[in-house]
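The structure under discussion appears below in the form of C-alpha cells.
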Amino acid sequence: MADENIIIKTLEAADLDQVSRFRMEREEDKPLEIFIRRDARKSAAANLTQTYVAKVEGDQKVIGYISIMCAEVALEKTYEIADKVGADRYEYQPAVRISRLAMATGWEGRKIGRQLVETAIGVVLVSIVPVAGCRFMILDAKPKSIAFYRRLGFRLLDTEENLKKATPLMFLDLRNLIDGAAVPAAPAEPQA
Amino acid sequence: MAVHSNTFGGLQLSGPDAKKFRSQVSSGRPSQAAKASALKGVAAATQLLSTGQVKFAKTAA
C-alpha cells in the first residue's frame, strides 16, 4: 500500500467507495455488513441516514463506517433546560442518533471507530447545531461497546429498566461542549 | 416506565427513565471525555466539510 493514512469521508458511489467486500465475521454483526453493502446508499438517497466511511488512503475499499440520522427525545414533559424557562413545555428535544457503527473484520482495535464517532460528533456540532439546533446525540449500545462510548463522553442512562435492555440507551448532551468560537463561522453569503 | 427507540431514530422515555434522564442532564458539567471528543470532532468535521475528507495517521492493531 502506497500510503498508510486513513481517511474518513461521506459514502459516495460504488466506483469511489467499494463496499461489496465489507465483511464482518460474527453472525450478530451481519445486519451491519448487509446495511453498508446493500442499503446505506439508498438510505442516504432517501434522506433517512447519512453514512461516513473509513478507508486506507489510495484504496477504494471501505473498512469501517458510521451512520447517523435525525432523531428526537420525548420525555413526557419532564424535561427542563436551566437557561430557558418553560422549555419543559416542549414535548420533544432534538437529537441525532448514531444508528450504526462497524469495522470490517481485521480492522478492529486501531482507533478508527473512535475517529468515526468523533467525526460524527463534530459534523453535528459544526453543521447542524448552528443551523437547526440539536441538543443530544443518542445511541443504543451493545454491552461490549458501552466502555468504548463512555471513553468518548457518552453517558449511560442509569435506570434499572435501561440497564436490563439488550442495547441500553447512551447519550451525549451537546450543550456547553465547546466554546462557540471553536466552531468555524459559515462562509459569508455572496453580496448581490 | 419505558425506554423505547423507534425505527426512525426517535427515543421515548417515560416514568423513572424520563426523570433519571432529566436528572443526569441537569447535573454536572460536560465531562472531560465529552469535551475532548467535541474538540477533536470539530477539527475533523471542519476538514471533512471543507476538503471532502479528513485524514488520520494509521494506528497499528
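Reminder, nothing fancy here: chain letters follow the sequence lines and each chain counts from 1. None of the values given here were measured: they were computed from a predicted structure. Side chains included, hydrogens not; waters and symmetry mates left out as well; all remaining heavy atoms used.
When each of Leu169(A), Asp158(A), Asp140(A) is checked for heavy-atom pairs under 4.5 Å with chain B, Asp158(A) comes out on top. Heavy-atom pairs under 4.5 Å with chain B peak, among Leu174(A), Ile112(A), Ile138(A), Leu157(A), at Leu157(A). The greatest number of non-hydrogen atom pairs below 4.5 Å with chain A, out of Gln47(B), Lys20(B), Lys35(B), is found for Lys20(B). The residue among Arg150(A), Lys165(A), Arg151(A) with the most heavy atom pairs within less than 4.5 Å of chain B is Lys165(A).
Under the 4.5 Å side-chain heavy-atom criterion for Ile, Leu, Val, Met, Phe, Trp and Tyr, Leu139(A) and Tyr65(A) are members of distinct hydrophobic clusters. Both Ile146(A) and Phe154(A) are assigned to one and the same hydrophobic cluster, defined by single-linkage of ILVMFWY side chains at heavy-atom distances under 4.5 Å. Under the 4.5 Å side-chain contact rule for hydrophobic residues, Leu32(A) and Tyr52(A) do not share a cluster. Linking ILVMFWY residues whenever their side-chain heavy atoms come closer than 4.5 Å, directly or via other members, places Met170(A) and Leu172(A) in the same cluster. Residue Leu101(A) is not grouped with residue Val62(A) when hydrophobic side chains (ILVMFWY) are merged at heavy-atom distances under 4.5 angstrom, including chains of intermediate members.
Minimum interatomic distance between Gly10(B) and Ala71(A) (heavy atoms only, all atoms of both residues): N-CB, 4.3 Å. Nearest approach of Gly153(A) to Ser31(B), heavy atoms of both residues: CA-OG, 4.0 Å.
Panel note: side chain Ser37(B), backbone Leu152(A); a donor-acceptor pair is recorded below 3.5 Å.
Heavy-atom distances place both the backbone and the side chain of Ile6(A) under 4.5 Å from chain B. For Leu163(A), no part lies near chain B; criterion is any non-hydrogen pair under 4.5 Å.
Residue Lys30(A) places its NZ atom among more than 12 non-hydrogen atoms of other residues, nucleotides or ligands, all under 6.0 Å distant. Residue Glu27(A) places its CD atom among 12 or fewer non-hydrogen atoms of other residues, nucleotides or ligands, all under 6.0 Å distant.
Annotation: side chain of Val25(B) is in contact with side chain of Arg135(A) (closest heavy-atom distance under 4.5 Å). You'll find the side chain of Gln12(B) stays beyond 4.5 Å of the side chain of Glu72(A), heavy atoms only. Two residues are said to be in side-chain contact when any heavy atoms from C-beta on lie closer than 4.5 Å; Asn162(A) and Leu13(B) fail this criterion. By the 4.5 Å heavy-atom criterion applied to side chains, Val126(A) and Leu48(B) are not counted as neighbours. By the 4.5 Å heavy-atom criterion applied to side chains, Asp173(A) and Pro30(B) are not counted as neighbours. Side-chain contact check for Phe171(A) versus Gln24(B): some heavy-atom pair is nearer than 4.5 Å.
A perpendicular orientation is assigned to the rings of Phe136(A) and Phe21(B), their planes being inclined by more than 60° (bins at 30° and 60°).
Evaluation of the ring-ring contact (aromatic ring centres under 6.0 Å, His included) rule for Phe35(A) yields no partner, not counting sequence neighbours. For Arg37(A), the salt bridge (charged side-chain N to carboxylate O under 4.0 Å, His left out) criterion is met by Glu33(A), not counting sequence neighbours.
Scanning residues 114-123 of chain A against chain B with a 4.5 Å heavy-atom cutoff picks out Arg114(A), Gln115(A), Glu118(A), Thr119(A), Ile121(A), Gly122(A), Val123(A), ordered by number. Scanning residues 8-23 of chain A against chain B with a 4.5 Å heavy-atom cutoff picks out Ile8(A), Lys9(A), Thr10(A), ordered by number.
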